[in-house]
Amino acid sequence: MKRGVILSKKKNFVPYISANNSLPELTITAVLIGFVLAIVFGAANAYLGLKTGLTVSASIPAAVISMAILRGIFKRQSILENNIVQTMTTAGEALAAGTIFTLPALFFIHAAPSQATITFIVLMGGFLGVFMMVPLRRMLIVNEHEVLPYPEGTACAEVLKSGEQGGSQAKLIGYGFLIGGLFKIAGDGFHLFKTTIETGLGKFKFATLSMDTMPALLGVGYIIGPRIAGQMIAGGLLSSVVLIPLIGFFGSANPAAIFPAIAPIGKLTAHDIYVNYIRYIGAGAVAAGGLITLMKTLPLLISTVKDTFTGLRGRGSTNFSDLERTDRDIPSKMILIGVILLVLIIAFSPLVNVGFLGALSIAIFGFLFVTVASRIVGIVGSTTMPVSGMTIATLLIVTILFKASGHIGQAGMIASLIVVSIVCVSLGVAGDISQDLKTGFLVGGTPWKQQVAMMIGVLSSGLFIGSILILFDQSYGLGSDALPAPKAALMQIVAQGIMSSDLPWEFIFIGIALAVTIEFLGLNSLTVAVGFYLPLSVSTPIMIGGIVRVVTEFFAQQEVKEKRERVGTLFASGLIAGEALISVIIALLIVPGFINPEAPVIFDSNLLSCLLFLALAVLFISIIWRQKRTDGE
């Protein structure tokens with residue numbers, strides 16, 4: 001269906017499956033498949049977010065996989081069942097994103113939560129995100145159909161409607177999954193080659209170039225594109241070959257240690273300089289970049305809140321049974337009761353101990369930012385939604401409130417981080433379900449069934465995300481070079497900075513100034529700051545993924561570019577899922593000692609590792625071009 005038809009006037013709009021038709025939808029088969037895929041994509045995005053601070057949308061890969069299973073294996077032809085599966089799957093991805101952006105901070109301050117506590121936090125946040133978004137659906141998805149395109153939701157609807165291609169598309173994800181998994185097994189499982197390449201620059205002391213040979217990062221680079229990848233590596237180069245050498249050069253003459261390091265700079269390595277100085281500059285830059293992003297959307301934020309309350313006041317009280325199938329939400333009374341019960345449970349639960357103040361903060365900031373997230377993703381999409389900015393703003397206010405009320409020190413930090421974790425999960429899930437409900441609106445899904453499916457997806461992923469987080473901490477170490485968890489590290493620094501005065505504020509303010517300068521240069525300060533904060537080894541393979549996209553789309557017509565992008569995105573999603581899930585398996589084998597992560601590498605050669613990774617990039621390009629010839633472009 002052409003875009004012009006999709007965005008036709010609301011009064012003339014007819015979904016792909018009309019309200020008068022009833023196809024199998026919330027079936028046991030769809031729920032079981034969605035349950036499994038929600039866990040799989042939740043684990044994959046948890047790993048990716050802990051490694052890079054980024055997550056990727058699971059809606060299109062989930063739609064393709066569900067079509068391949070339902071149509072190819074079970075011979076079921078209902079597009080609405082496919083929609084339920086992708087709705088549940090994206091719930092796992094959204095829940096993982098909110099979790100890994102915040103909760104690892106508790107591990108960093110030596111207050112690691114139990115699996116039960118993590119499960120409680122993410123389930124409360126996930127269910128609140130669904131409940132708080134449901135009353136907005138008719139206003140945002142239906143009444144503003146012409147105004148808010150919801151790009152990911154619209155794209156996913158087109159994929160579902162072209163379901164006859166599901167088999168060939170699913171093979172692309174399968175190929176990526178297999179290749180990504182085998183690469184990970186060979187590198188980190190059997191230690192056949194180095195998975196991190198690092199080299200100095202001759203006599204250029206303290207300057208290093210590095211790269212993680214990770215298929216998942218190659219896939220991320222392709223998905224986000226060369227512009228964002230280029231800004232990330234610009235930040236990485238600024239820290240690795242500019243600021244670290246500068247600090248080393250000028251600091252080497254000082255025989256005394258400079259806080260927060262405990263040794264003179266002349267005795268530090270490049271990595272020591274990064275840990276002691278660069279990460280604080282980066283934290284300041286990321287915090288400032290997030291707030292700048294939020295400030296740029298402030299007019300939209302204000303108008304969103306205003307329009308939301310206006311829309312809610314104007315809603316009628318039509319009975320559920322009087323509505324068409326495609327316009328039936330979970331009843332408002334059930335939503336209100338659910339929100340009140342969840343807030344009361346949070347207030348009195350011994351698992352979190354945030355009290356009435358914390359629960360009230362969750363209710364207020366949760367509804368405010370769920371409202372903002374649900375509208376903003378309709379305009380700019382989920383990828384560019386300012387989650388970091390909204391989360392940092394919440395953390396600043398909540399931490400100040402707790403400190404003013406006498407909750408100080410470690411206890412105050414824990415309570416603040418728990419509150420922010422619940423809010424972050426809720427706004428992530430709300431933004432995600434908004435895209436899913438747009439997909440359902442276009443294909444003719446039943447809203448209340450999608451909303452129930454989203455809650456089941458939240459439940460399935462939420463029951464496992466705690467064990468996955470603890471497993472990663474035990475095997476790789478949260479906050480280590482393997483899983484730096486950059487967004488969560490930032491949350492820790494912000495909370496500590498407000499509760500205590502033992503942070504190197506000079507470096508944090510330098511980072512703030514750096515972000516402002518980058519913004520004036522016309523770049524995205526948050527993207528550059530994330531690249532600055534992360535090791536260069538993460539940004540380099542992401543940039544190579546961006547180059548793969550440039551090569552495959554160079555000089556192509558727009559229609560051809562879109563086809564190639566679809567092919568590349570599916571293969572990239574397979575690379576990400578394959579490596580991430582093998583990482584979980586490797587982690588399971590590390591804990592009992594079956595795999596030693598410190599084992600010597602068999603072929604210890606930077607050149608070999610580099611050539612293998614470049615060969616993977618060339619294979620990526622060839623698969624896209626081969627698909628092009630198959631499709632007869």
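Below, all heavy atoms of this structure are taken into account, side chains as well, without hydrogens, waters or symmetry copies.
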Using side-chain contact (heavy atoms from CB on, under 4.5 Å), reason through Ile397 and Phe365 one step at a time and then give a plain yes or no. CA-CA 10 Å; Ile397 297 171; Phe365 289 106; 3.5 Å; yes
Please confirm whether the backbone N or O of Gly129 pairs with a side-chain atom of Ser426, one donor and one acceptor, at under 3.5 Å? no
Check: Ile498 main-chain N/O paired with Lys403 side-chain donor or acceptor under 3.5 Å: yes
Applying side-chain contact (heavy atoms from CB on, under 4.5 Å), run through Ile362 and Leu128 and close with a yes or a no. CA-CA 9 Å; Ile362 290 168; Leu128 279 173; 3.7 Å; yes
Could you measure the distance from the CG atom of Leu575 to the CD1 atom of Ile173? Nearest 0.5 Å is fine. 11.0 Å
Taking Arg137 first and then Asp327, would you say they form a salt bridge - that is, a charged N and a carboxylate O separated by under 4.0 Å? yes
Heavy-atom side-chain proximity of Ile17 to Val443 below 4.5 angstrom: no
Donor-acceptor pair, Gln451 side chain versus Ile330 backbone, under 3.5 Å? yes
Between OG1 on residue Thr99 and CZ on residue Phe101, distance to nearest 0.5 Å: 10.0 Å
Do Ile335 and Pro135 make a side-chain contact, defined as non-hydrogen atoms from C-beta onward lying under 4.5 Å apart? yes
Non-hydrogen atoms of Ala373 and Leu427 that approach each other most closely: CB-O, 3.7 Å
State whether a side-chain donor-acceptor pair under 3.5 Å links Asp436 with Thr90. yes
Check: Phe41 main-chain N/O paired with Asn45 side-chain donor or acceptor under 3.5 Å: yes
Shortest non-hydrogen pair, Ala580 vs Ala44, comes out as CB-CA, 3.4 Å
Between Thr52 (side chain only) and Gly49 (backbone N and O only), is there a donor and an acceptor less than 3.5 Å apart? no
Rounded at 0.5 Å granularity, tell me how far CD in Glu81 sits from CG in Leu160. 12.0 Å
Straight-line distance of Ile576 CD1 to Tyr47 OH, nearest 0.5 Å: 11.0 Å
With side-chain contact (heavy atoms from CB on, under 4.5 Å) as the criterion, how do Met67 and Ile79 come out once you've worked through the C-alpha distance, each side chain's angles and the decisive distance to 0.1 Å? CA-CA 8 Å; Met67 286 188 292; Ile79 189 175; over 6 Å; no
Just so I know, are the side chains of Lys487 and Ile100 near enough to count as touching, which here means a heavy-atom distance under 4.5 Å? no
Quick one: does Ile223's side chain get under 4.5 Å of Ser573's, heavy atoms only? yes
If every non-hydrogen atom of Pro486 is compared with every non-hydrogen atom of Leu50, which pair is closest and at what distance? CD-O, 3.8 Å
Evaluate the criterion side-chain contact (heavy atoms from CB on, under 4.5 Å) for residue pair Ser78 and Leu70; output intermediate values, then yes/no. CA-CA 8 Å; Ser78 173; Leu70 288 171; over 6 Å; no
Quiz question: by atom type and distance under 3.5 Å, do the side chains of Glu565 and Tyr222 form a donor-acceptor pair? no
Taking every non-hydrogen atom, the tightest pair across Ser374 and Leu140: CB-CD1, 3.7 Å
CZ of Phe108 to CD1 of Ile493: how many Å apart, nearest 0.5 Å? 9.5 Å
Below 4.5 Å, heavy atoms only, C-beta onward: do Val528 and Asn524 meet side chain to side chain? no
Taking Thr446 for its side chain and Lys449 for its backbone only, find out whether a donor-acceptor pair lies under 3.5 Å. no
Pairwise side-chain contact, Ile418 with Thr102, heavy-atom cut-off 4.5 Å (strictly under): no
Using 30° and 60° as the class boundaries, would you call the ring planes of Tyr476 and Phe472 parallel, tilted or perpendicular? tilted
Any non-hydrogen side-chain atom of Val458 less than 4.5 Å from a side-chain atom of Met88? no
Which pair of non-hydrogen atoms, one from Pro104 and one from Ala488, has the smallest distance, and what is that distance? CB-CB, 3.6 Å
Main chain of Ala63, side chain of Ser66: is a donor-acceptor contact present, judged purely on distance under 3.5 Å? yes
Is Phe120 close to Ser349 at the side-chain level, that is, under 4.5 Å between some pair of heavy atoms? yes
Ser114 side chain to Thr117 side chain, donor-acceptor N/O pair below 3.5 angstrom: yes
Say you draw a straight line from CD of Gln86 to CD of Glu93; how long is it, rounded to the nearest 0.5 Å? 10.5 Å
Answer yes or no: is there a donor N or O on one side and an acceptor on the other, between the side chain of Gln231 and the main chain of Thr527, under 3.5 Å? no
Least distance between heavy atoms, Leu123 atom then Gly462 atom: CD2-CA, 3.9 Å
